[in-house]
Amino acid sequence: MELGRRDLLLTAAALLAAPTIGRAQAAGDRKLGYAIVGLGYYGLNVILPQFANCEHSRVTALVSGDRAKALATAARYGVPERSIYSYETFDQIRDNPDVDVVYVILPNSMHAEYTIRAAKAGKHVMCEKPMAVSVAECEAMIAACKTAGRKLMIGYRCHFEPFNLEAMRLARSGAAGKVRYVVSEHGFVQRDPSKWRLKKALAGGGSLMDMGVYSLQAARYMTGEEPVAVTARESTDRSDPRFTEVEDMIAWTLNFPSGAIATCQSMYSANQNHVLLMGDRGRIELEPATRYDGNRLWTGRDGREQEVTAPPAGPGKTQFAGQLDHMAVSLRTGAEPIVSGEEGLRDLRIVEAIYRSARDGRTITL
Ligand code: NDP
């Protein structure tokens with residue numbers, strides 16, 4: 001049977017999970033060095049502590065606009081002072097042999113610039129989601145990495161999260177039968193109007209550019225298909241000071257070639273984190289679906305409900321370590337990361353179509 005692209009992704013993830021491969025590659029090899037660009041919430045509180053869980057990766061440089069914060073962080077993680085950069089001195093990273101990968105964890109509209117500058121400095125790039133704020137930027141990022149002969153991976157951590165991996169495996173194994181529909185909804189209450197996430201120039205859009213990426217990704221990895229059409233509508237109270245520049249709630253429907261439909265939603269005015277796949281024999285449900293931890297998975301078939309409490313371990317001690325080490329292993333083996341720049345570009349193409357559909361009030365064929 002011919003394997004689909006998604007099946008290949010899952011196979012790749014499973015192969016990377018095999019402990020013997022990890023040990024063989026670790027032997028005699030130094031850990032790959034990451035430069036963290038942007039010491040904000042995610043970089044500082046989520047990613048940096050995760051290097052302790054990595055087998056193949058370590059932090060070797062920091063890039064920040066706040067020198068005092070960078071110095072304190074460097075002291076905490078054993079990064080030498082000579083490996084601290086500002087946004088102005090960032091390009092000097094080319095001369096730092098301890099840096100293999102630049103990890104861009106900046107506001108969305110800065111992803112393209114720092115990915116391209118990193119590639120020009122001869123470094124591989126891990127870039128946070130959304131990959132960028134437009135298809136054109138994604139294409140420029142892919143081209144820059146290709147020209148420099150460097151790899152580009154997107155921080156789609158759910159591809160390394162054990163419950164999401166198990167949900168994908170169950171969906172592909174036919175546990176719920178033929179897929180009929182997916183519901184995928186993500187949001188949180190954004191309270192502070194001053195946040196960059198609510199500024200169009202920095203975020204590129206509203207909830208769709210943030211939590212909507214999880215809804216969209218899950219719709220694609222749960223069905224294992226690429227959508228052929230999208231229909232969207234938006235609901236935003238523009239008199240609310242939080243939403244003068246970007247959307248609050250946006251809902252969209254994706255049609256897939258098999259006939260399956262995904263109903264997706266993102267919002268900055270309600271807390272939701274849920275993915276449901278319904279097939280003609282049963283269901284696969286994640287709630288919460290894509291959090292940093294505490295995700296839960298259920299299956300239901302023939303009236304029998306079951307919680308999957310311990311899925312097989314993912315490729316890493318945590319989804320974050322799995323993601324960081326996946327890039328390191330990809331560099332050693334020469335394999336493309338399972339969530340490459342092309343994967344980020346696919347999402348941005350759909351994101352642009354969602355905005356176009358909501359604006360024009362019509363279905364967009366993809
Ligand atoms: P924060 O606002 O907490 O941090 C962003 C950091 O970027 C700042 O602390 C600052 O670092 C740097 N920065 C540089 N220029 C600016 C600017 N003009 N305005 C604001 N910050 C600036 O954001 P997050 O860490 O939450 O998000 C960063 C990226 O990571 C986003 O793209 C987001 O989508 C992604 N993300 C991904 C998550 C995931 O689960 N995969 C979760 C959370 C975020 P410094 O002070 O060091 O210069």
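Counting starts at 1 for both ligands and their atoms, following the listed order.
The protein atom (non-hydrogen) at minimum distance from atom 32 (O) of ligand 1 is Asn108 OD1, 2.8 Å. Considering only non-hydrogen protein atoms, atom 28 (C) of ligand 1 sits nearest to Ile105 O, 3.5 Å. Scanning all protein heavy atoms for the shortest distance to atom 4 (O) of ligand 1 gives Gly40 CA, 3.1 Å. Of the protein's non-hydrogen atoms, the one nearest atom 37 (C) of ligand 1 is Glu128 OE1, 3.1 Å. The protein heavy atom nearest to atom 3 (O) of ligand 1 is Tyr41 N, 2.7 Å. Of the protein's heavy atoms, Trp196 NE1, 3.4 Å lies nearest to atom 23 (O) of ligand 1. The protein non-hydrogen atom at the shortest distance from atom 21 (N) of ligand 1 is Pro107 CG, 3.5 Å. From the protein, the heavy atom lying nearest to atom 29 (C) of ligand 1 is Leu106 O, 3.3 Å.
Applying the 4.0 Å criterion to heavy atoms of Tyr292 picks out, from ligand 1, the atoms 40 (O), 42 (C), 43 (C). Atom numbering of ligand 1 starts at 1 in the shown order; those under 4.0 Å from a heavy atom of Lys69 are 9 (O), 45 (P), 46 (O), 47 (O). Every atom of ligand 1 with a heavy atom of Tyr87 under 4.0 Å away is listed here by number and element: 10 (C), 11 (O), 12 (C), 13 (N), 14 (C), 45 (P), 47 (O), 48 (O). Short contacts between ligand 1 and Arg157, defined as distances under 4.0 Å to a heavy atom of the residue, involve ligand atoms 39 (C), 40 (O), 41 (N). Counting atoms of ligand 1 from 1 in the listed order, those under 4.0 Å from a heavy atom of Ser64 are 45 (P), 46 (O), 47 (O), 48 (O). Per-residue contacts place His111 under 4.0 angstrom from the following atoms of ligand 1 (heavy atoms of the residue considered): 32 (O). Of all atoms in ligand 1, numbered sequentially from 1 with element shown, those under 4.0 Å from a heavy atom of Met110 are 14 (C), 15 (N), 16 (C). Atoms of ligand 1 lying under 4.0 Å from any heavy atom of Gly155, numbered from 1 in the order shown and given with element: 41 (N).
There is a side-chain donor-acceptor pair under 3.5 Å between Tyr221 and Asn164. Between the side chains of Tyr355 and Glu247, at least one donor N or O sits under 3.5 Å from an acceptor N or O. Donor-acceptor pairing under 3.5 Å is lacking for the side chains of Ser266 and His186. Inspection of the Asp66 and Ser64 side chains reveals no N or O donor paired with an N or O acceptor under 3.5 Å.
Not one N or O on the side chain of Asn53 forms a donor-acceptor pair closer than 3.5 Å with the backbone of Thr318. Formation of a donor-acceptor pair under 3.5 Å by the Lys151 side chain with backbone atoms of Pro337 is not found in this model.
On a distance-only criterion, Tyr214 and ligand 1 share at least one N/O pair closer than 3.5 Å. Looking at ligand 1, you won't find any N or O of Val63 less than 3.5 Å from one of its N or O atoms. Ligand 1 has no nitrogen or oxygen under 3.5 angstrom from a nitrogen or oxygen of Gly38. Here's the thing with Asp210: none of its N/O atoms is less than 3.5 angstrom from an N/O atom of ligand 1.
In summary, the aromatic rings of Phe160 and Phe320 are positioned with their centroids too far apart to meet the 6.0 Å limit.
Residue contacts with ligand 1, taken as heavy atom pairs separated by less than 4.0 Å, involve Arg197 solely via side-chain atoms from C-beta onward.
Among residues at least two apart or in separate chains, there is no side chain to side chain donor-acceptor pair (under 3.5 Å) pair with a member in residues 39-49.
The pair Arg242-Asp237 does not count as a salt bridge, with every side-chain nitrogen at least 4.0 angstrom from each carboxylate oxygen. One finds no salt bridge joining Arg157 and Glu161 here, because no Lys/Arg side-chain nitrogen approaches an Asp/Glu carboxylate oxygen to under 4.0 Å.
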Walk me through whether Tyr77 and Phe51 qualify under ring pair (Phe, Tyr, Trp, His ring centres under 6.0 Å). CA-CA 9 Å; Tyr77 290 99; Phe51 285 99; 8.0 Å; no
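Atom CG of Asn271 sits in a crowded spot, with more than 12 heavy atoms from other residues, nucleotides or ligands closer than 6.0 Å.
Ser258 is linked by a side chain to side chain donor-acceptor pair (under 3.5 Å) to Glu225, counting only residues two or more places apart in sequence or in another chain.
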